[in-house]
Amino acid sequence: MPPITARDSGMAADRNGSGFRLHRPGVDDPRPVRAASDPEPEVPVLGPDATLDLSTDIAGNDVEDTLSRLDAELVGLANVKLRVREIAALLLIDRARQRFGLDASRPTMHMSFTGGPGTGKTTVALRMAEMLHALGYIRKPKVHTVTRDDLVGQFIGHTAPKTKEALAKAAGGVLFIDEAYYLFRPENERDYGQEVIEILLQEMENERGSLVVIFAGYPDRMERFFSANPGLSSRVAHHLEFVDYTHAELMAIAELMVARENFRFDPAAAAAFAEYLELRMTRPRFSNARSVRNALDRCRLRQAKRLVELRRPLTRTDLITLTDRDVYGSSVFTDSGARDGAAERRASSTTEQPDGPTARAPA
């Protein structure tokens with residue numbers, strides 16, 4: 001597959017509910033199109049001297065569209081995107097081999113996603129399901145997300161039905177187990193999490209042609225989880241690491257989130273938000289892009305309050321612009337851990353007239 005040149009951008013998955021959409025090119029796009037419900041057509045086996053053009057495979061076009069969307073939705077994560085492309089190439093070549101009648105064992109697609117919160121694991125799972133469906137590996141482009149509470153029962157005989165219900169909902173698609181290490185609690189001999197693991201082991205082996213299981217969680221805890229369950233670890237073929245975002249990547253994510261919501265930072269607000277991130281990244285419970293999104297939601301609250309207090313007609317520019325005043329209202333700047341001068345700059349910002357530029361913003 002040729003490399004995609006689209007620049008990394010964005011964080012969130014689609015807003016159309018499920019997040020799934022098959023490729024729908026324009027009328028001028030010459031690529032073949034496959035409807036979502038069309039079954040795989042039966043094709044004759046090619047002879048040993050035949051050649052096969054991969055670009056004629058409709059599934060390959062769907063995959064390219066999915067990979068382009070993944071590039072457009074996620075900043076950074078080059079190692080994750082590379083592995084996703086490798087998996088796509090493996091399955092596309094597997095389809096080509098089948099055209100020549102070259103039988104081989106079905107590749108195992110069970111995965112482990114390790115990383116902190118807000119690093120894009122759910123988005124990648126959604127796109128992975130879409131890609132695997134396009135390549136005929138699973139029947140539905142569907143991700144069913146569960147946690148320990150959805151799988152482990154509270155009394156004897158309760159765990160197996162709950163686990164099998166979750167597996168039934170994920171059948172034909174992807175089962176995404178978030179914070180999977182909570183299934184294993186060796187300190188509690190009466191815990192039923194081990195029963196879930198045993199059921200998963202059986203289903204991952206017997207139903208690997210119709211089910212993909214993704215285990216997700218923090219790297220250190222996932223390492224202990226797999227070390228304590230070697231049978232589970234041996235069935236997970238792909239381990240993807242989602243590293244924390246850098247300050248520059250988080251700023252890029254913020255700019256893209258703001259633009260997606262039809263807002264913009266003025267120059268002073270962009271500088272203030274960069275300062276906010278420097279401080280917030282050192283505090284507990286920082287969650288990468290998730291924390292960025294929450295911070296921007298609070299900026300919008302402060303902007304709304306500021307605009308209402310203007311008591312004058314508003315322009316379009318008023319409605320779309322976030323100022324440094326909207327950023328410096330955060331409690332991050334008033335905490336004892338904030339750098340020297342942050343509180344002073346916040347005070348300077350808020351002492352100006354409500355609709356005028358701050359001391360740091362251009363007129």
Side-chain angles (χ1 to χ4, degrees), residues 12-25 31-43 57-70 73-74 80 83-95 98 105-113 120-147 150-151 161-178 180 196 199-216 235-238 240:
D14 281 356
R15 298 161 176 268
N16 58 358
S18 67
F20 299 117
R21 178 180 62 83
L22 288 179
H23 179 69
R24 295 292 183 268
R31 299 182 301 175
V33 181
R34 179 180 61 194
S37 59
D38 287 349
E40 289 286 337
E42 292 186 8
V43 292
D57 191 336
I58 296 174
N61 296 324
D62 290 339
V63 169
E64 282 298 334
D65 181 66
T66 299
L67 294 174
S68 296
R69 293 169 65 196
L70 188 63
E73 289 170 342
L74 291 177
V80 172
R83 177 55 67 89
V84 173
R85 285 187 170 278
E86 290 173 343
I87 292 172
L90 171 66
L91 296 179
L92 193 61
I93 292 301
D94 197 53
R95 288 168 62 91
Q98 292 174 20
S105 60
R106 188 177 179 86
T108 299
M109 287 292 127
H110 302 308
M111 305 178 196
S112 167
F113 288 3
K121 296 187 293 295
T122 302
T123 299
V124 172
L126 292 169
R127 296 295 159 249
M128 185 67 73
E130 190 175 27
M131 184 184 76
L132 295 176
H133 171 257
L135 290 167
Y137 192 90
I138 56 178
R139 299 192 307 271
K140 297 178 287 187
K142 169 186 176 181
V143 177
H144 181 56
T145 301
V146 296
T147 63
D150 301 303
L151 303 174
K162 289 187 71 173
T163 302
K164 291 178 180 178
E165 180 184 3
L167 288 166
K169 290 180 179 178
V174 174
L175 178 66
F176 186 88
I177 305 178
D178 199 14
V196 175
I199 295 173
L200 288 174
L201 283 171
Q202 181 178 356
E203 293 296 315
M204 289 168 66
E205 187 64 29
N206 296 342
E207 303 297 331
R208 64 177 183 171
S210 62
L211 175 70
V212 171
V213 180
I214 299 177
F215 300 91
R235 287 169 172 80
V236 176
H238 304 282
L240 282 68

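Just so you know, these numbers come straight off a predicted model, no measurement behind them.
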- Query: Ala237 and Thr108: which non-hydrogen atoms are nearest, and at how many Å?
  - Reply: CB-O, 3.6 Å

- Item | Interatomic distance, Leu126 atom CG to Arg69 atom CZ [nearest 0.5 angstrom] | 9.5 Å

- Message: Show the nearest heavy-atom pair for residues His110 and Leu211, with the distance to one decimal.
- Response: CE1-O, 3.3 Å

- Item | Distance, nearest 0.5 Å, that separates CG of Asp94 from CG of Leu135 | 9.5 Å

- Message: In the structure I gave you, are the side-chain heavy atoms of Val63 and Leu92 within less than 4.5 Å of one another anywhere?
- Response: no

- Note on the structure: In terms of heavy-atom contacts, Met131 and Ile87 come closest through CE-CG2, 3.9 Å

- Item | Pairwise side-chain contact, Met109 with Leu90, heavy-atom cut-off 4.5 Å (strictly under) | yes

- Message: Looking at Tyr137, I'd like to know if the NZ or CZ of Arg95 sits under 6.0 Å from its six-membered ring centre while staying within 45 degrees of the ring's axis.
- Response: no

- Message: Just verifying a value: how many Å separate Asp178 CG and Lys121 NZ, rounded to the nearest 0.5 Å?
- Response: 7.0 Å

- Item | Ile177 side chain near Leu200 side chain, heavy-atom distance below 4.5 Å | yes

- Basic-acidic side-chain contact under 4.0 Å: Glu130, Arg127: yes

- Item | Nearest atoms (heavy-atom pairs only) where Ala129 meets Val143 | CB-CG2, 3.6 Å

- Heavy-atom side-chain contact between Asp150 and Thr147 under 4.5 Å: yes

- Query: Rounded to the nearest 0.5 Å, how far apart are CG of Leu70 and CG of Asp65?
  - Reply: 11.5 Å

- Task: Compare every heavy atom of Asp62 with every heavy atom of Ala134, then report the nearest pair and how far apart it is.
- Result: CB-CB, 3.7 Å

- Backbone N or O of Leu175 within a donor-acceptor pair of the Lys169 side chain at under 3.5 Å? no

- Query: Can you check salt bridge (Lys or Arg N to Asp or Glu O under 4.0 Å) on Glu86 and Arg83, steps first, answer last?
  - Reply: CA-CA 5 Å; Glu86 290 173 343; Arg83 177 55 67 89; 3.3 Å; yes

- Of all the heavy-atom pairs spanning Met204 and Arg235, show the shortest one and how long it is. CE-CB, 3.9 Å

- Do the side chain of Thr163 and the main chain of Leu151 share a donor and acceptor less than 3.5 angstrom apart? yes

- Straight-line distance of Met111 CE to Met128 CE, nearest 0.5 Å: 3.5 Å

